[in-house]
> 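To start, I am sharing the structure in question, which I have written as structure tokens.
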Amino acid sequence: MTSRKIKKVLVANRGEIALRIMRTLREMDIRSVAVYSDVDIAMPFVRYADEAYPLSGKEARETYLEIEKIISAAKKSGADAIHPGYGFLSENSDFARESEKAGIIFIGPGAETIRLMGDKTEARKIVAGYGVPVVPGTAEVVTNLKEAADIARQIGYPVLVKAAAGGGGKGMRLVAEESELESSLRGAQSEAASAFGDGRIFIEKYVLGPRHIEFQILADFHGNVVHLFERECSIQRRHQKVVEETPSLALSPAMREEMGKAAVGAARACGYVNAGTVEFILDEDGNYYFLEMNTRLQVEHPITELTTGLDIVREQIKIAEGETISMNQESITRRGHAIECRIYAEDVYGNFLPDTGTLKSLHEPVGNGIRVDSGVESGSEISVYYDPMIAKLGVWDSTRENAIGKMIRALDDYVITGVKTTIPFCTFVMKSGPFRSGKYSTHFVQENWKVDEMNLTSLSQEALDRAVIVAATRLRGRNRSSLQTKNEGEKPSRWTNGRFEG
Ligand code: ADP
């Protein structure tokens, strides 16, 4: 590996993550190149980039998923590296291979590692061979009903049918008993075939009372692998994360150390280079099992940055340049507690279905220890074409209790009108007994978010919007009136008509 300084990076992504990557590039004095679809022409990430190239088209498959168009934009711009962000082509081994073939550094692991870890059955084999515990299940993909039924009986119900090429919770079916097996196999197979173009499925034991715990790792070309501790991501809907925190209350120091070592082992087992995440599922008795490895930057990486003080994108770039990781495991420390709430355009009272529309007004929370990773502004469109994420709201504070209080305040200060959002759900989580006590699992939504039992008034969206604006105005009024109260009995202000008369 010869080291090579990166001077210009094409960011093959959009929205908040494109902006987040470009900010670090700017801090490192590296030029940034955006690519954008027709729908995104006016988005902040396009303006923020030093250069921008159109991908012509609206749908993801003709724009952000079009390898040829992106490589050609990279060549035209003279970029010497590509950062894929998350989603889209970030875990596509062909994309990594094509960019390396064009002489452009892919900021991520090698194509072969992406391919191996992208196949959940392959990944299970590789890490199990290295001594990392995997969820009991089939070693290979299952091809017929009889074989599946035999295996499921052996493992014991409930079982999960999963897609080998799975991602985003798609192609997954929970099977409580044998009578449901056939239809679940068929359902998972066809969902996987249409979502990933690969209908191969396998069976895993369904872990009871599960908690999702993942470890952030960094690995360089020189054989150094470290972890940046865990993130707990058990608050999920449709097997997808909404709220994440670090540290996890579920881990004792001894478990943390053991799982951290297992995560580093999983990365070593596949010859991993760059930043990645090793995901585990933890059962009620404290046993942990490898779930999968995500070979890219994770949506929830900011909470690791907030607690360790590191910039993971900066680390990714330095690793891609051939640098040696400058810290060893013992020198990596973290402080305090961080929480992230994902702000999606979704109807939380209507099964978390995505919502679309124009963001009419947008006021983001600010203050000490608050981080908003957003890619939108007032007037931006949340369209049907891409993921409905509006922003990620992260908070940091010295203790978990303070961080929860800060998150509730920040969610309260967040004003978004024009689309329904996950804000009310996130506030509910922060105030709920199970979350506050730290005793929660991936069943949180099903066990606690009972819409039928809520006293929801049937306000129209327009009335809701108005209510939000009134609340926001009241908030500003409240601030003003408290200032006035403070000034009572004091000398009159020397500010008149916007000028300081002193
Ligand atoms: P994807 O790649 O589609 O995100 P994962 O394997 O990462 O799929 O699993 C997503 C989520 O599904 C996990 O965070 C967990 O909540 C649930 N899950 C996956 N496997 C199991 C299992 N064996 N037992 C219980 N829950 C599971």
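Heavy-atom basis, side chains included; hydrogens, waters and symmetry copies ignored.
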> Under a 4.0 Å N-O cut-off, is there an ion pair linking Arg4 with Glu321?
no
> Tell me, please, which residues at least two apart from Tyr386 pass ring-ring contact (aromatic ring centres under 6.0 Å, His included).
Tyr64
> With Lys8, which residues qualify under salt bridge (charged side-chain N to carboxylate O under 4.0 Å, His left out), at least two apart?
Glu51
> I'd like to check the salt bridge (charged side-chain N to carboxylate O under 4.0 Å, His left out) partners of Glu346; sequence neighbours left out, ordered by chain and number.
Arg237, Arg238
> Could you tell me which non-hydrogen atom of Gly394 sits nearest to which non-hydrogen atom of Leu306, and how far apart they are?
C-CD1, 4.2 Å
> Do the two ring centres, one from Trp449 and one from Phe428, sit under 6.0 Å apart?
yes
> I'd like to know if the side chain of Gln329 pairs up with that of Glu257 as donor and acceptor (distance under 3.5 Å, no hydrogens or angles considered).
no
> Judged by modelled atom types alone, do Ser361 and Thr417 share a side-chain donor-acceptor pair under 3.5 Å?
yes
> Looking at Phe229, I'd like to know if the NZ or CZ of Arg256 sits under 6.0 Å from its six-membered ring centre while staying within 45 degrees of the ring's axis.
no
> Whether Glu16 and Arg342 form a salt bridge (side-chain N of Lys/Arg under 4.0 Å from carboxylate O of Asp/Glu) is what I want to check.
no
> Just by distance, with hydrogens left out, do Thr358 and Glu381 show a side-chain donor and acceptor under 3.5 Å apart?
yes
> Is a salt bridge present between Arg400 and Glu245, judged by a nitrogen-to-oxygen distance below 4.0 Å?
yes
> Check each of Lys392, Gln240, Lys420, Met389 against Tyr344 using the side-chain contact (heavy atoms from CB on, under 4.5 Å) test, and report the only one that passes.
Met389
> Taking NZ, NE, NH1 and NH2 as the nitrogens, is one of them in Glu244 or Arg231 under 4.0 Å from a carboxylate oxygen of the other?
no
> If you define the side chain from C-beta out and look only at heavy atoms, does anything of Val33 sit under 4.5 Å from Val11?
no
